[in-house]
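Heavy atoms only: backbone and side chains are in, while hydrogens, waters and symmetry mates are out.
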Amino acid sequence: MTPFADLSITTPRLTLRLLTEADAADLFTIFGDPRVMRYWSSTAWTDPSQALQMVASDREAAAGRRDLRLGLVRRDLGRVVGTASLFKIDANNRRAEIGYALAHDQQGSGLMHEALSALVGSAFDHRPGAAFDDLLLHRIEADIDPRNAASAASLERLGFRLEGTLRERWWVAGEVSDSGLYGLLRPDWLRRVSPAA
Ligand SMILES: CC(C)(COP(=O)(O)OP(=O)(O)OC[C@H]1O[C@@H](n2cnc3c(N)ncnc32)[C@H](O)[C@@H]1OP(=O)(O)O)[C@@H](O)C(=O)NCCC(=O)NCCS
């Protein structure tokens, strides 16, 4: 088990790690952009101090090992270009929810697929000494606005299946939207990454 504060996941282009105050401007670029936040569960940020609040509340949640948000650092640029989260971690029921956002100018280049493949692979790794070996996660789920085609494609590319739709479940800025509930089971993921196993 790796404490969330010490977690670092490396992919060909990215390093996934906890956010710090130094990332505040990068976070504001992402979460202050209405194009990124169109289908988010809250409206776009309007004040840069919201970034510092995110960093502080993430740190507290990470210490409790119940919610983890990682910054996606593009190593060639040296800045945070997105975030990927495992949250509502429920060790008793061996499940967690996944969430993600990518800066608008970084979309369409496979970065989120790279990040989520690594995060999901790590989350489902039960080998002793693996980062999340204490959680024995069996299921990862996602709750997205069914109109969010890019998000649905990201999930389906990883093998998530749409399991149901809950009607008129979110109210954001006076607009109501449905929840598309997606799930990915560990056995399905393992078959996907090593088909012969
Ligand atoms: C959801 C979201 C993260 C998806 O981002 P994305 O850029 O489409 O996802 P990826 O980084 O995996 O990129 C996929 C695209 O890159 C392409 N791609 C994949 N690997 C690539 C590579 N190595 N080089 C270049 N392009 C590549 C894919 O073909 C795909 O293109 P397509 O959509 O035209 O088929 C993004 O739309 C987003 O941040 N949205 C706003 C926040 C949001 O709604 N989050 C979800 C809330 S539930």
Any side-chain heavy-atom pair from [X] and [Y] closer than 4.5 angstrom?
| X | Y | answer |
| --- | --- | --- |
| Lys88 | Asp143 | no |
| Trp40 | Asn148 | no |
| Val172 | Tyr39 | no |
| Val55 | Asp23 | no |
| Asp26 | Leu19 | no |
| Asp125 | Asp133 | no |
| Leu185 | His138 | yes |

Tell me whether the count of non-hydrogen atoms from other residues, nucleotides or ligands lying under 6.0 Å of CZ in Arg169 goes above 12. yes
Spell out, yes or no, whether [X] and [Y] are grouped together once hydrophobic residues are joined by side-chain heavy atoms under 4.5 Å, including indirect joins.
| X | Y | result |
| --- | --- | --- |
| Tyr100 | Val120 | yes |
| Leu190 | Leu119 | yes |
| Leu158 | Val193 | yes |
| Trp189 | Leu116 | yes |
| Ile9 | Val80 | no |

Non-neighbouring partners of [X] that pass side chain to side chain contact (heavy atoms under 4.5 Å, CB included), sequence neighbours left out:
| X | value |
| --- | --- |
| Gln50 | Trp45, Thr46, Asp47, Gln53 |
| Glu60 | none |
| Ala149 | none |
| Arg13 | Ser109, Leu111, Glu114 |

Rounded to the nearest 0.5 Å, what's the gap from [atom1] on [X] to [atom2] on [Y]? Could you check?
| X | Y | atom1 | atom2 | value |
| --- | --- | --- | --- | --- |
| Ser117 | Met112 | OG | CE | 11.0 Å |
| Arg65 | Met1 | CZ | CE | 4.5 Å |
| Ser151 | Glu156 | OG | CD | 9.5 Å |
| Thr2 | Phe4 | OG1 | CZ | 9.5 Å |
| Leu166 | Ser177 | CG | OG | 11.0 Å |

Measure from the side-chain N and O atoms of [X] to the backbone N and O of [Y], and report whether any donor-acceptor pair falls under 3.5 Å.
| X | Y | value |
| --- | --- | --- |
| Arg186 | Phe124 | yes |
| Thr20 | Ala22 | yes |
| His126 | Leu137 | yes |

Using the test side-chain hydrogen bond (donor to acceptor under 3.5 Å, both in side chains), find all partners of [X] that sit at least two apart in sequence or belong to another chain.
| X | value |
| --- | --- |
| Asp188 | Arg191 |
| Arg59 | Glu21 |
| Asn93 | Asp90 |
| Asp76 | Arg74 |

Might you point out which heavy atoms bring [X] and [Y] nearest each other, and give the distance in Å?
| X | Y | value |
| --- | --- | --- |
| Leu70 | Leu18 | CD2-N, 3.7 Å |
| Arg192 | Arg157 | NH2-O, 3.0 Å |
| Leu72 | Ala115 | CD2-CB, 3.7 Å |
| Ser122 | Ala131 | OG-CB, 4.1 Å |
| Ala24 | Ala51 | O-CB, 3.5 Å |

With no hydrogens and no angle check, do the side chains of Thr165 and Asp178 hold a donor and an acceptor under 3.5 Å apart? no
Is there a donor in the side chain of Ser8 and an acceptor in the side chain of Arg17, or the other way round, less than 3.5 Å apart? no
Mind running side chain to side chain contact (heavy atoms under 4.5 Å, CB included) on Leu184 and Ile98 for me, showing each step along the way? CA-CA 10 Å; Leu184 176 66; Ile98 198 165; over 6 Å; no
Walk me through it: do Leu68 and Phe132 pass the test side chain to side chain contact (heavy atoms under 4.5 Å, CB included)? CA-CA 11 Å; Leu68 168 70; Phe132 302 94; 3.7 Å; yes
Suppose we screen for ring-ring contact (aromatic ring centres under 6.0 Å, His included). Which residues come up paired with Trp170, at least two apart in sequence or across chains? none
Does Tyr182 have any ring-ring contact (aromatic ring centres under 6.0 Å, His included) partners at least two apart in sequence or in another chain, and if so, which? none
Worked verdict on Gln106 versus Ile30 for side chain to side chain contact (heavy atoms under 4.5 Å, CB included): CA-CA 10 Å; Gln106 302 292 318; Ile30 301 164; over 6 Å; no
Pairs flagged by salt bridge (Lys or Arg N to Asp or Glu O under 4.0 Å) wherever residues 34-45 is involved - sequence neighbours left out: Asp33-Arg35, Arg38-Glu175
Residues in salt bridge (Lys or Arg N to Asp or Glu O under 4.0 Å) contact with Asp58, at least two apart in sequence or another chain: Arg69
Verify side chain to side chain contact (heavy atoms under 4.5 Å, CB included) between Thr83 and Leu27, making sure each step is shown before the conclusion. CA-CA 9 Å; Thr83 63; Leu27 291 172; 4.0 Å; yes
